[in-house]
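Here is the structure we will look at, set down as structure tokens.
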Protein chains: 2
Amino acid sequence: MEEQQVGSLHFHIDFSQPLYEQILDQARSAIAKGEIALGDKMPSVRELAQELRINPNTVMRAYQELERDGLTEKRRGQGTYVTSSPEHVASFRTALAARYIDSFMEQMESLGLAWEDIETYIRQKRDTEQGGSDL
Amino acid sequence: MEEQQVGSLHFHIDFSQPLYEQILDQARSAIAKGEIALGDKMPSVRELAQELRINPNTVMRAYQELERDGLTEKRRGQGTYVTSSPEHVASFRTALAARYIDSFMEQMESLGLAWEDIETYIRQKRDTEQGGSDL
DNA sequence: TTAAGTGTATTAGGTGATATAATACACTTA
DNA sequence: TAAGTGTATTATATCACCTAATACACTTAA
């Protein structure tokens, strides 16, 4: 239940998943949602590691994946920066959304649920929607 | 890429995920979709382990979870049987679907995508639907 | 009673992913 | 030159996962 604000980024780290994966997911999300602006400087590897009280190598691993995603650029000796290209962010969102959706549809198919069933569930959830997440 | 038919159950096992998880998922799916009938006998722990060429303990782990799901009943000395209760299967489907949907909606939210965006993606995918999964 | 087939439990060991620790190197900027 | 960057390496520790071997309790049928 660690809650940390580092620059314009916000992290909540626990031990339910690999640390590098949580950093990766939350940094991806922040960039995709524009919570950190295009071209902005990311926290340095060492700084983020110190703030989150984890090993620099672990942060490194997440940062390398961010660059592979096209969401950041690294400048040796200077630091890691959010990409300045809106197209890169857009295509990343599209690609990841497609992956999520495919995986989700497979899960639904494995339960024998059709698209119409899903819509019904979601509408029900929307109607009952008053903060009640009871599972 | 192992493909195995064991009784009325079909398994495809690889090393991309934990073995017990694949067995669990595929058995759940078979029961949820009625590919194996209510009350039917499941393959014995030893038989399934032998067919899939994996350790009996690994099958055991999956079978224990199936019972916790309410999808199977074990009769000591006799074997493992699919539950005879359609209600158990139905409530399992509902619960798991809810979990999947919640998780999916969180993923979409992390990308800053609203429900309308998702519908658009899905409709696009449906229109372009001719086996083309290009990722 | 016996034998074969069930689920279950225990103990031991191996492998790989994850994370830490310590250290060093190359590059950039002030 | 010094401080701050990303990067690489080596060693170690822990845990999840899987295997292996063995034993026990129960049920059914011969």
Side-chain angles (χ1 to χ4, degrees), chain A residues 1-2 4 6-7 9 11-27 31 36 39-83, chain B residues 1-2 4 6-7 9 11-27 31 36 39-83:
Chain A
M1 299 293 188
E2 283 291 316
Q4 288 284 336
V6 185
L9 293 178
F11 293 94
H12 42 106
I13 305 296
D14 54 43
F15 289 92
S16 65
Q17 286 176 342
L19 301 180
Y20 81 92
E21 215 170 278
Q22 299 181 53
I23 296 170
L24 178 59
D25 287 341
Q26 292 169 32
I31 298 173
I36 182 172
D40 269 16
K41 186 175 183 306
M42 298 275 293
S44 80
V45 170
R46 286 176 180 82
E47 181 194 0
L48 186 52
Q50 192 172 20
E51 293 284 349
L52 300 181
R53 288 189 292 276
I54 65 179
N55 196 278
N57 290 339
T58 305
V59 175
M60 255 284 288
R61 185 165 176 181
Y63 272 25
Q64 286 178 330
E65 182 69 20
L66 278 179
E67 189 173 37
R68 264 181 256 126
D69 290 338
L71 293 180
T72 61
E73 297 162 4
K74 292 171 180 168
R75 305 178 198 155
R76 211 179 173 99
Q78 300 186 46
T80 299
Y81 294 80
V82 178
T83 180
Chain B
M1 300 291 187
E2 284 291 318
Q4 288 285 337
V6 185
L9 293 178
F11 294 94
H12 41 106
I13 305 295
D14 55 41
F15 288 93
S16 65
Q17 287 176 343
L19 302 179
Y20 82 92
E21 216 170 276
Q22 298 180 57
I23 296 170
L24 178 60
D25 286 342
Q26 292 169 33
I31 298 173
I36 182 172
D40 269 15
K41 186 175 184 305
M42 297 276 291
S44 80
V45 169
R46 286 176 179 80
E47 181 194 0
L48 186 52
Q50 194 172 20
E51 293 284 349
L52 300 181
R53 289 191 292 276
I54 65 177
N55 195 277
N57 290 339
T58 305
V59 176
M60 256 281 289
R61 186 165 175 182
Y63 272 26
Q64 287 178 329
E65 182 69 20
L66 278 179
E67 190 173 36
R68 264 180 256 126
D69 289 338
L71 294 179
T72 62
E73 296 162 4
K74 291 172 180 168
R75 305 179 199 155
R76 207 176 176 100
Q78 299 187 49
T80 299
Y81 293 79
V82 178
T83 180

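Here is the naming used below: chain letters follow the sequence lines, and residue numbers restart at 1 for every chain.
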Would you kindly compare Q64(A) and Q78(A) by the position of their nearest DNA chain D nucleotide and give the one closer to the 5′ end?
Q78(A)

Can you give me the first and the last nucleotide of DNA chain C (5' to 3') that has an atom within less than 4.0 angstrom of a non-hydrogen atom in chain B?
dG5(C) to dT10(C)

Look only at the side chain of D69(B) and the backbone of L71(B), and say whether a donor-acceptor pair between them is shorter than 3.5 Å.
no

Residues forming a salt bridge (Lys or Arg N to Asp or Glu O under 4.0 Å) with E21(B), sequence neighbours excluded
none

Should the heavy atoms of other residues, nucleotides or ligands under 6.0 Å from CD of Q50(B) be counted, would the total exceed 12?
no

T58(B) vs dT19(D): side-chain N/O to OP1/OP2 distance below 4.0 Å
yes

Could you tell me which non-hydrogen atom of Q78(A) sits nearest to which non-hydrogen atom of K41(A), and how far apart they are?
O-CE, 3.6 Å

Round to the nearest Å and state the distance from R46(B) atom CZ to dT19(D) atom C1'.
16 Å

N57(A) vs R76(A), nearer the 5' end of DNA chain C by closest nucleotide:
N57(A)

What are the two closest heavy atoms between T72(B) and Y63(B), and how far apart are they?
OG1-O, 4.2 Å

Structure string for DNA chain C in dot-bracket form, Watson-Crick and G-U at under 3.5 Å, | interchain:
||||||||||||||||||||||||||||||

Looking only at heavy atoms, the pair that brings L24(B) and A62(B) closest together is CD1-O, 3.8 Å

For the pair made of CG in N55(A) and P in dT10(D), what is the distance, rounded to whole Å?
17 Å

Please find the pair of heavy atoms, one from Q22(A) and one from D14(A), that lie closest to each other, and give the distance.
NE2-O, 2.8 Å

Spatial distance of atom CD1 (I23(A)) from atom OG1 (T58(A)) [nearest 0.5 Å]:
7.0 Å

First encountered from the 5' end of DNA chain C, between L19(A) and Y63(B)
Y63(B)

Atom-pair distance (CE on M60(A); C1' on dT9(D)), nearest Å
11 Å

